[in-house]
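First comes the structure, then the notes that go with it.
A note on names: the letters A, B, ... follow the listed sequences, proteins ahead of strands, and every chain is numbered from 1. These figures come from a predicted structure and were not determined experimentally.
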Protein chains: 2
Amino acid sequence: MTPQREQVLKVFIETNSEHLGAEEVYRYLISRKLNVSKATVYRTIDLLVELGFLRRLQFDEGVFRYELVDKEEKHSHFICTSCGKIYELKGELSPENVMREYLQLMSSKGYIIEEVDLKFRGLCPKCTKKKKK
Amino acid sequence: MTPQREQVLKVFIETNSEHLGAEEVYRYLISRKLNVSKATVYRTIDLLVELGFLRRLQFDEGVFRYELVDKEEKHSHFICTSCGKIYELKGELSPENVMREYLQLMSSKGYIIEEVDLKFRGLCPKCTKKKKK
DNA sequence: GTAGGTGCAAACCTTTTGCTAACAG
DNA sequence: CTGTTAGCAAAAGGTTTGCACCTAC
């Protein structure tokens with residue numbers, strides 16, 4: 001662990017793991033007068049993904065985004081098509097329970113599932129209310 | 001509809017909609033001595049997406065892939081981490097049934113779901129068998 | 001002194017854009 | 001003649017790489 005690597009990891013903690021892209025992390029650090037090179041940010045993020053601190057995501061843009069790996073809770077994402085906010089669906093809204101029996105069917109067919117990746121797109125509660133008015 | 005546009009659409013039909021990227025479509029056409037420019041391929045694909053003939057996908061690479069829109073069946077994808085093949089989960093294996101009650105919960109919370117995007121990653125039946133040996 | 005990490009710039013790959021020429025109605 | 005489309009090459013993003021330099025043990 002070097003100062004630069006700590007800085008990069010810190011960004012995700014400070015921003016509450018807001019699904020930042022590498023470029024955004026870089027700009028965030030520069031704007032705080034923390035000198036890092038872009039290359040280091042990219043290399044560090046790759047490293048953090050390999051070490052299991054970060055998870056790589058994609059939301060149908062041309063960018064890779066990253067979030068802190070939350071050891072306890074797997075979650076799915078909901079992307080609002082109106083405001084663009086990305087919600088994390090955890091707890092009550094977690095689809096994992098519902099999926100359990102489905103995953104059993106899959107494995108009985110010979111699929112071994114290592115990773116489930118679920119995304120919803122649509123209107124979030126806030127934007128739904130706005131639209132109703 | 002111009003000759004070039006037909007050609008592009010044909011590629012997806014001929015290849016059984018094998019989740020090609022734009023670059024691959026271009027190379028496919030060139031290799032068959034069908035002269036198109038890259039720009040036209042990209043523009044045509046965008047057009048076909050807008051017109052609802054193609055669906056844009058991403059599988060956590062740096063590329064956009066496309067598949068023919070199958071009007072009857074929505075489906076999810078299974079990506080084998082061993083052989084790389086992308087399976088389409090339809091019919092019995094479709095997770096849509098299982099998800100129905102979940103989607104109701106979501107809408108009772110005020111989310112309006114326009115699009116469900118589900119991907120699994122793991123070992124497909126073939127590779128599972130190989131590994132067992 | 002050796003291994004690993006950094007910074008810079010250049011390269012890279014996929015995708016988009018500007019512009020001119022060709023074409024169709 | 002007018003609007004649309006194609007081709008080319010250049011530009012634009014995001015990401016990766018090569019290499020020299022620096023640092024820490």
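Checked against the 6.0 Å centroid criterion, the rings of Phe120(B) and Tyr102(A) qualify as a close aromatic pair.
Relative ring orientation between His77(A) and His75(A) is described as perpendicular, the plane-to-plane angle rising above 60° on a 0-90° scale split at 30° and 60°.
No donor-acceptor pair under 3.5 Å is formed between the side chain of Lys74(A) and the backbone N or O of Ser94(A). A side-chain donor-acceptor contact under 3.5 Å links Thr15(B) to the backbone of Val11(B). When atom types are taken as modelled, the side chain of Ser107(A) and the backbone of Ile112(A) share no donor-acceptor pair closer than 3.5 angstrom.
Listed by first then second residue, pairs satisfying salt bridge (charged side-chain N to carboxylate O under 4.0 Å, His left out) with a partner in residues 5-21 of chain B number zero, not counting sequence neighbours. The salt bridge (charged side-chain N to carboxylate O under 4.0 Å, His left out) pairs that include a residue from residues 34-44 of chain B are Glu23(B)-Lys38(B), where partners are two or more places apart or lie in different chains.
Among residues two or more places apart in sequence or in another chain, the side-chain contact (heavy atoms from CB on, under 4.5 Å) test is passed with Lys33(A) by none.
Thr44(B) and Gln4(B) share no donor-acceptor pair across their side chains, judged by distance under 3.5 Å alone.
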*Residues Lys90(B), Asp70(B); criterion salt bridge (charged side-chain N to carboxylate O under 4.0 Å, His left out); working and verdict*: CA-CA 11 Å; Lys90(B) 305 187 188 182; Asp70(B) 179 340; 3.1 Å; yes
_Sugar-phosphate or base contact per nucleotide [nucleotides 6-25 of chain D; S, B, -; heavy atom under 4.0 Å]_ = SBB-----SBBBB-------
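Comparing the helix axis at one end of the helix from dG1(C)-dC25(D) to dG25(C)-dC1(D) with that at the other, each defined from 5 consecutive pairs, gives an inter-axis angle of 10° (nearest 10°).
For DNA chain C, the contact window with chain A, defined by any atom under 4.0 Å from a protein heavy atom, covers dG5(C) to dC8(C) in 5' to 3' order.
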